[in-house]
Amino acid sequence: MIAECMLKDRWPARLWIVRHGESAGNVARDKAHAAGLADIDIQARDVDVPLSGLGQRQSAALGRWFATMPGECRPDVVLISPYLRARQTADAVRIAGGLDPAFGKFVVDERLREKEFGLLDRLTKLGIEQRHPAQAEARQLLGKFYFRPPSGESWCDVILRLRSVVDSITLHYSGRRVLIVAHQVVVLCMRYLLEEMDEEQILRIDAEADVANCAVTEYGLERIGEQSLLRLHRYNYVHPLEREGAPVTEEPDKGTA
């Protein structure tokens, strides 16, 4: 009986998945597209790209929104991508008092890293079409879900590594309040997994709007008969930014064509 109860309650009590605040890479990508350039002008490794000034403001606003919750309702587990912009976002939430008062330390998980763009990294759509027309044609044919650029990843590759993240969460954080801070594709692929979607469903959601910087995707634990499962409560929720007048930004990540 005890084993059965543990299986039924394997999910966290609450799960938030948040995209990092606006980064310097987001800004550089936006400038390159506006100027009709082939290259995105940023010199740092993708893992080392920091938040922009606005991204820092967005992250602090997100932290203050979490801080309005009672202490026992705030995140008590925080899983983060190793990328600097995600770590800075999580740290801003902590500094703003947005975590459980007894919170310990962040869990940095490389499986939550940004989708790898390989050969096409730092190129705009125009740059890909000019320099790698065969890759542009292949992507058009296969679609973003299955297309894997040379030395990069498809969405399916990201989903593969995230399947083990979900397993780790159910194994180690049952009944906890878990916050994940990562990237746009990670947010979407986690929805794909948690809600058991197919390619058509998740790409339809992606086509409707980009995941906004510091937007909240939230799941709550619900009991359905003898089963417990996570239910989506909100997606791409930007009220934490709007309530403080922090501008909402939706630029795709810099390597995305």
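Position 1 is the first residue of the sequence, and the numbers go up from there.
- Listed here is the closest heavy atom pair of D157 and G152: OD2-O, 4.3 Å.
- A donor-acceptor contact shorter than 3.5 Å links the side chain of N236 to the backbone of A212.
- Side-chain N or O atoms of R177 include none that pairs as donor or acceptor with a backbone N or O of L99 at under 3.5 Å.
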Evaluate side chain to side chain contact (heavy atoms under 4.5 Å, CB included) for R243 paired with W65, printing each intermediate quantity in order.
CA-CA 9 Å; R243 69 193 289 269; W65 176 74; 4.0 Å; yes

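- Across every non-hydrogen atom of G25 and V49, the tightest pair is N-CG1, 3.4 Å.
- Atom OG in S59 sits 10.5 Å away from atom CZ in R64 (nearest 0.5 Å).
- Listed for the R122 side chain is no donor-acceptor partner under 3.5 Å among the backbone atoms of I40.
- In terms of modelled atom types and a separation under 3.5 Å, the side chain of Q201 and the main chain of D198 share a donor-acceptor contact.
- Expressed to the nearest 0.5 Å, how far CD of E200 lies from CZ of F145 amounts to 12.0 Å.
- How far OG of S168 is from CG of D109: 6.5 Å, rounded to the nearest 0.5 Å.
- The line from CG of L51 to CZ of R57 is 14.0 Å long, rounded to the nearest 0.5 Å.
- Under the 4.0 Å criterion applied to side-chain N and carboxylate O atoms, E208 and R204 are not assigned as salt-bridge partners.
- Counting non-hydrogen atoms of neighbouring residues, nucleotides and ligands closer than 6.0 angstrom, the CG atom of D41 reaches no more than 12 such neighbours.
- Counting non-hydrogen atoms of other residues, nucleotides and ligands closer than 6.0 Å to CZ of R234 gives a total above 12.
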Can you check side chain to side chain contact (heavy atoms under 4.5 Å, CB included) on S151 and L119, steps first, answer last?
CA-CA 6 Å; S151 302; L119 180 69; 5.7 Å; no

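- No single ILVMFWY cluster, assembled from side-chain heavy atoms under 4.5 Å apart, contains both V77 and F106.
- Taking the six-membered ring for Trp and the full ring otherwise, H20 and Y83 have centroids separated by 6.0 Å or more.
- A donor-acceptor pair under 3.5 Å is formed between the side chain of N26 and the backbone N or O of S23.
- Under the 3.5 Å distance criterion, the side-chain polar atoms of R87 are left unmatched by any main-chain donor or acceptor of V108.
- Although no hydrogens or angles enter the test, the distance criterion places a donor-acceptor pair under 3.5 Å between the side chain of Q58 and the main chain of P247.
- Under a hydrophobic clustering in which Ile, Leu, Val, Met, Phe, Trp and Tyr are joined whenever their side-chain heavy atoms come within less than 4.5 Å, directly or via other members, L193 and L79 fall into the same cluster.
- Shortest non-hydrogen contact noted between V216 and P240 is CG2-CG, 4.4 Å.
- For the pair Y235/V211, a side-chain contact is recorded, criterion being any heavy-atom separation below 4.5 Å from C-beta on.
- The minimum heavy-atom distance between I42 and A28, with the atom names listed, is CB-CB, 4.4 Å.
- Contact of the V93 side chain with the V181 side chain is not registered, since no non-hydrogen atoms from C-beta on lie closer than 4.5 Å.
- Both V178 and V187 are members of a single hydrophobic cluster when ILVMFWY side chains are connected at heavy-atom separations under 4.5 Å.
- Of the candidates I205, I17, V158, L203, I205 is the only one forming a side chain to side chain contact (heavy atoms under 4.5 Å, CB included) with L188.
- For the atom pair CG (N213) and OG1 (T249), the distance works out to 3.5 Å, reported to the nearest 0.5 Å.
- Put simply, the side chain of W155 reaches to within 4.5 Å of the side chain of C189, judged on heavy atoms.
- Within a 6.0 Å sphere centred on CD of E195, heavy atoms belonging to other residues, nucleotides or ligands number more than 12.
- Within the 4.5 Å cutoff, the side chain of R113 has no heavy atoms near those of the V47 side chain.
- When each of R19, R45, R85 is checked for a salt bridge (Lys or Arg N to Asp or Glu O under 4.0 Å) with E114, only R85 meets the rule.
- Residues F117 and L123 fail the side-chain proximity criterion, which asks for heavy atoms closer than 4.5 Å.
- Between the side chain of R74 and the backbone N or O of G98 there is no donor-acceptor pair closer than 3.5 Å.
- Residues M69 and C73 approach most closely at SD-O, 4.0 Å, considering heavy atoms.
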Go through F66 and W16 one step at a time and tell me if the ring-ring contact (aromatic ring centres under 6.0 Å, His included) criterion holds.
CA-CA 11 Å; F66 276 114; W16 297 274; 5.3 Å; yes

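- Here D100 contributes atom CG and R94 contributes atom CZ; the two are 14.0 Å apart, rounded to the nearest 0.5 Å.
- Side-chain contact check for P50 versus L84: some heavy-atom pair is nearer than 4.5 Å.
- Residues D206 and K144 meet the side-chain proximity criterion, which asks for heavy atoms closer than 4.5 Å.
- The minimum heavy-atom distance linking G97 with A67 is given by the pair O-CB, 3.4 Å.
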For W11 and V166, run side chain to side chain contact (heavy atoms under 4.5 Å, CB included): C-alpha distance rounded to whole Å, both residues' side-chain angles, the deciding distance at 0.1 Å, then the answer.
CA-CA 9 Å; W11 294 109; V166 173; 3.9 Å; yes

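- Contact annotation: the side chain of C214 approaches that of T89 to within less than 4.5 Å [non-hydrogen atoms, C-beta and beyond].
- Looking only at distances, no side-chain donor or acceptor of E116 sits under 3.5 Å from a matching main-chain atom of E153.
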Going through the checks in order, is the side chain to side chain contact (heavy atoms under 4.5 Å, CB included) test met by L232 and Y219?
CA-CA 4 Å; L232 181 69; Y219 292 86; 3.7 Å; yes

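- Residues I80 and V186 are members of separate hydrophobic clusters, defined by side-chain heavy-atom contacts under 4.5 angstrom among Ile, Leu, Val, Met, Phe, Trp and Tyr.
- Checked by atom type and distance alone, the side chain of T124 never pairs as donor or acceptor with a backbone atom of H33 at under 3.5 Å.
- A continuous path of ILVMFWY side-chain contacts below 4.5 Å connects L221 to I180, so both sit in one hydrophobic cluster.
- S164 and D167 share no side-chain donor-acceptor pair at under 3.5 Å.
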